[in-house]
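One structure is given below, encoded as structure tokens.
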Amino acid sequence: MSKDKMNKVTLKDLIARAEQSKADKKELRQLYVTSLDGTITIIKPDRAMVLEAMDMENEEDGDRYLVYNCVVDPNLKDKDLQNAYKTISPLDVVDKIFDPGEVASISKEIVKLAGYIDSVKVVDDIKNV
């Protein structure tokens, strides 16, 4: 976006955004997964879920947690799916379905959708007066 197209955010904009945020809660995005040769659907996580994943000791566990909870189609929480893959822990289904690099990539897209990556850009440095 060019500098001359950027608008200053007003209180009116923020109030309108508060109304819109209720509709945004169900924001979905489709991702193509190479190993499956098809698409999956992810849902925008809430702040608490992203922070919980970031607080996990192992980054891979955080990625698996986000993928398990935010992939809504196919439903990774389906008991029949978990039984078919003979999972011990519900999160194990993530590793059985996706390649390791895909789990990290899907997790990154989930975090992006939540607004934690690439959501802010520097316009100009402010000079001290």
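Bear in mind that the values here come from a model prediction, so they are computed numbers and not experimental data.
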Practice prompt. I would like to know whether Val67 and Leu76 meet side-chain contact (heavy atoms from CB on, under 4.5 Å); could you show each step before the answer?
Written response: CA-CA 9 Å; Val67 170; Leu76 302 181; 4.1 Å; yes
Worksheet item: After noting the C-alpha distance and the side-chain angles of Glu59 and Ser107, does the key distance pass the side-chain contact (heavy atoms from CB on, under 4.5 Å) rule?
Response: CA-CA 10 Å; Glu59 184 178 339; Ser107 176; over 6 Å; no
Discussion item. Test side-chain contact (heavy atoms from CB on, under 4.5 Å) on Asp92 and Tyr85; report intermediate values, then the result.
Written reply: CA-CA 9 Å; Asp92 291 345; Tyr85 280 96; over 6 Å; no
Worksheet item: Could you go step by step and tell me if Glu27 and Ile43 meet the side-chain contact (heavy atoms from CB on, under 4.5 Å) rule?
Response: CA-CA 6 Å; Glu27 189 173 345; Ile43 191 166; over 6 Å; no
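Asp78 approaches Leu81 most closely through the heavy-atom pair OD2-N, 3.0 Å. Closest approach of Asp13 and Lys8 over heavy atoms only: OD2-O, 3.8 Å. Nearest heavy atoms, Ser35 versus Glu102: OG-OE1, 2.7 Å.
Applying the side-chain hydrogen bond (donor to acceptor under 3.5 Å, both in side chains) test to Asp37 and every residue at least two apart in sequence or in another chain returns Tyr32.
Contact annotation: the side chain of Glu60 never approaches that of Val103 to less than 4.5 Å [non-hydrogen atoms, C-beta and beyond]. Between Val94 and Asp63, the closest side-chain pair of non-hydrogen atoms is not below 4.5 Å. No side-chain heavy atom of Thr41 sits under 4.5 Å from any side-chain heavy atom of Arg29. Side-chain contact between Val71 and Ile106 is present, with heavy atoms from C-beta onward closer than 4.5 Å. Put simply, the side chain of Tyr116 does not reach to within 4.5 Å of the side chain of Lys108, judged on heavy atoms.
Within a 6.0 Å radius of CD in Gln30, other residues, nucleotides and ligands contribute more than 12 heavy atoms. Shown here is Gln82, whose CD atom has more than 12 heavy atoms of other residues, nucleotides or ligands within 6.0 Å.
Counting only distance, with no hydrogens or angles, the side chain of Asn75 and the backbone of Lys77 share a donor-acceptor pair below 3.5 Å.
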